[in-house]
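Beneath this line is the structure, given in structure tokens, with notes to follow.
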Amino acid sequence: MIAKKPPMGWNSWNTFGDKINEQLIKEMTDRIVDDGYRDLGYEYVIIDDCWSLRERVDGKLVADPALFPNGMKALADYIHSKGLKFGMYSCAGTKTCAGYPSSYGHEFSDAKQFAEWGVDYLKYDFCNFPVSGDAKNAYLTMAMALRSTGRDILFAACNWGMYDPSGWMRSHGAHSYRSTGDIFDGPKSYKDLFISQVENVENNAPGCWNDMDMLIVGMHGNGNVGIGGCSDLQYLQHFAMWAFLGSPLIIGADLRKLDDVNKKTLFCKGLIDINQDDECRPPFLVDHADTRKYTFAKLLSGNRIAIAFFNLAAEDQWSQNVGICFDDLGIHSESGIRLQLTDAITGEDLGIYEDSYATKIAPDESKVIIAQLIFPE
Ligand code: GLA
């Protein structure tokens with residue numbers, strides 16, 4: 001099955017924009033393997049916009065030979081030889097967002113071309129879509145085109161949340177759908193995207209995932225979407241949010257320059273395990289106080305429940321009290337069930353609790369907990 005779980009990988013756009021080439025993509029591929037990302041599940045290496053010539057040749061998309069001298073098939077072979085998968089980019093309109101040729105009216109031949117190159121993932125954007133066109137139908141057409149190739153190609157639709165894609169992208173063949181406008185590398189950006197999606201993730205399930213956009217973790221204001229950067233605590237919060245809500249985890253930073261603190265964030269196994277849990281359930285919102293404090297829960301495999309507290313209030317001076325009554329998890333005190341709590345970020349054993357759990361979290365801090373149910377003898 002394609003996209004049984006949220007896709008994980010790396011994409012060129014957030015840091016490199018149009019400054020991409022074969023050597024760069026190979027270097028990122030090498031980092032993903034040699035630095036251990038692949039072993040954690042990051043598997044798609046995705047080239048975003050700006051890879052082709054400015055015009056089609058004989059009706060076909062052609063990789064710019066100045067940037068990709070050996071062509072896309074050779075690059076795909078390299079990525080596959082490292083045990084990874086190859087992602088590319090096109091668009092439902094007449095031109096891509098950066099003005100390159102796009103797949104409107106060429107869906108079946110472009111899909112065939114991508115399959116011949118060995119593409120495993122197609123991000124499909126929404127710029128320059130004809131006013132007379134039918135957006136839902138255009139995504140359906142590319143879904144059909146990709147299926148017709150006989151190759152397993154993950155269809156990553158990207159229409160920025162237009163026309164409420166959570167309601168129709170699954171039925172129209174997408175394996176993920178961008179539900180928001182573009183992320184930028186600053187705290188307001190990731191927090192706004194999170195707030196816009198907190199009540200919009202219940203449709204997450206095997207085969208199709210709400211994509212809240214690529215990660216900015218560790219970018220520190222550098223690169224194509226840089227606007228000042230975030231603190232390390234904010235990057236950790238952003239990652240914890242994306243992981244908990246079931247978004248694809250697609251890294252956007254330059255892996256060659258990632259500092260140890262943010263690498264540790266992207267390597268946080270406890271958070272990745274929640275995102276990739278075998279039961280593949282979406283989370284549910286337990287409680288929130290205005291747009292500053294959010295409490296989520298998510299049923300996990302193995303009689304476990306994940307609980308997350310997010311404090312978004314950077315401007316506050318003091319820590320916030322957060323907590324959860326186990327009643328809100330369907331566990332009433334007369335059941336005799338206790339919860340063994342482990343901090344998913346630090347791995348710390350927090351002990352065994354009955355009825356409720358409470359703690360304090362600093363501005364921009366997140367507390368994510370895995371609760372193992374202990375049943376009475
Ligand atoms: C749109 C998408 C981005 C990126 C750019 C490329 O803005 O939302 O993620 O793909 O186009 O031009």
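Remember, it's 1-based here, ligands and their atoms both numbered in the order they're listed.
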Open item on the list: Let me check something: do Val62 and Ile25 share a hydrophobic cluster, defined by ILVMFWY side-chain heavy atoms less than 4.5 Å apart, either directly or through other members?
Closed with: no

- [ ] Would you mind listing which atoms of ligand 1 come within a distance below 4.0 Å of any non-hydrogen atom of Cys158?
- [x] 8 (O)

Open item on the list: Using every non-hydrogen atom in the two residues, find where Trp10 and Ile32 come nearest and quote the distance to one decimal.
Closed with: CB-CD1, 3.8 Å

TODO: Determine whether the aromatic ring centres of Phe310 and His288 lie less than 6.0 Å apart.
DONE: no

Task: Main-chain N/O of Leu215 paired with Asn14 side-chain donor or acceptor, under 3.5 Å - done: yes

- [ ] Please could you name the atoms of ligand 1 that Lys123 approaches to less than 4.0 Å, counting only its heavy atoms?
- [x] 3 (C), 4 (C), 9 (O), 10 (O)

Task: atom 4 (C) of ligand 1 [closest protein heavy-atom partner, distance rounded to 0.1 Å] - done: Asp48 OD1, 3.5 Å

Open item on the list: Below 4.0 Å from ligand 1: does a non-hydrogen atom of Tyr89 turn up there or not?
Closed with: yes

Open item on the list: Show the atoms of ligand 1 that are less than 4.0 angstrom away from any heavy atom in Arg178.
Closed with: 8 (O), 9 (O)

Open item on the list: Taking only non-hydrogen atoms of Thr96, do any sit less than 4.0 angstrom from ligand 1?
Closed with: no

Open item on the list: Students often mix this up, so state it plainly: with edges at 30° and 60°, are the rings of Phe267 and Tyr37 parallel, tilted or perpendicular?
Closed with: perpendicular

Task: cation_pi(Lys298, Phe296) dist<6.0 Å, angle<=45 - done: no

TODO: Please indicate whether any nitrogen or oxygen in Asp49 is less than 3.5 Å from any nitrogen or oxygen in ligand 1.
DONE: yes

Task: Trp13 to Asp18 - nearest heavy-atom pair and separation - done: CZ3-N, 4.5 Å

Open item on the list: Within ligand 1, which atoms have a heavy atom of Trp160 less than 4.0 Å away?
Closed with: 2 (C), 8 (O)

Open item on the list: Among all the protein's non-hydrogen atoms, which is closest to atom 8 (O) of ligand 1, and how far away is it?
Closed with: Asp182 OD1, 2.5 Å

Open item on the list: Heavy-atom pairs closer than 4.0 Å: do any link ligand 1 to the side chain of Cys127, the backbone, both, or neither?
Closed with: neither

Open item on the list: Ring-plane angle category for Tyr357 and Phe309, please: parallel below 30°, perpendicular beyond 60°, tilted otherwise.
Closed with: parallel

Open item on the list: Among all the protein's non-hydrogen atoms, which is closest to atom 11 (O) of ligand 1, and how far away is it?
Closed with: Asp125 OD2, 2.8 Å

- [ ] Any atoms of ligand 1 less than 4.0 Å from a non-hydrogen atom of Met214? List them with their elements.
- [x] 9 (O)

Task: Contact atoms of ligand 1, heavy-atom distance to Cys97 under 4.0 Å - done: 1 (C), 11 (O), 12 (O)

- [ ] With Arg338 as the cation and Tyr353 as the aromatic partner, state whether NZ or CZ is under 6.0 Å from the six-membered ring centre and within 45° of the axis.
- [x] no

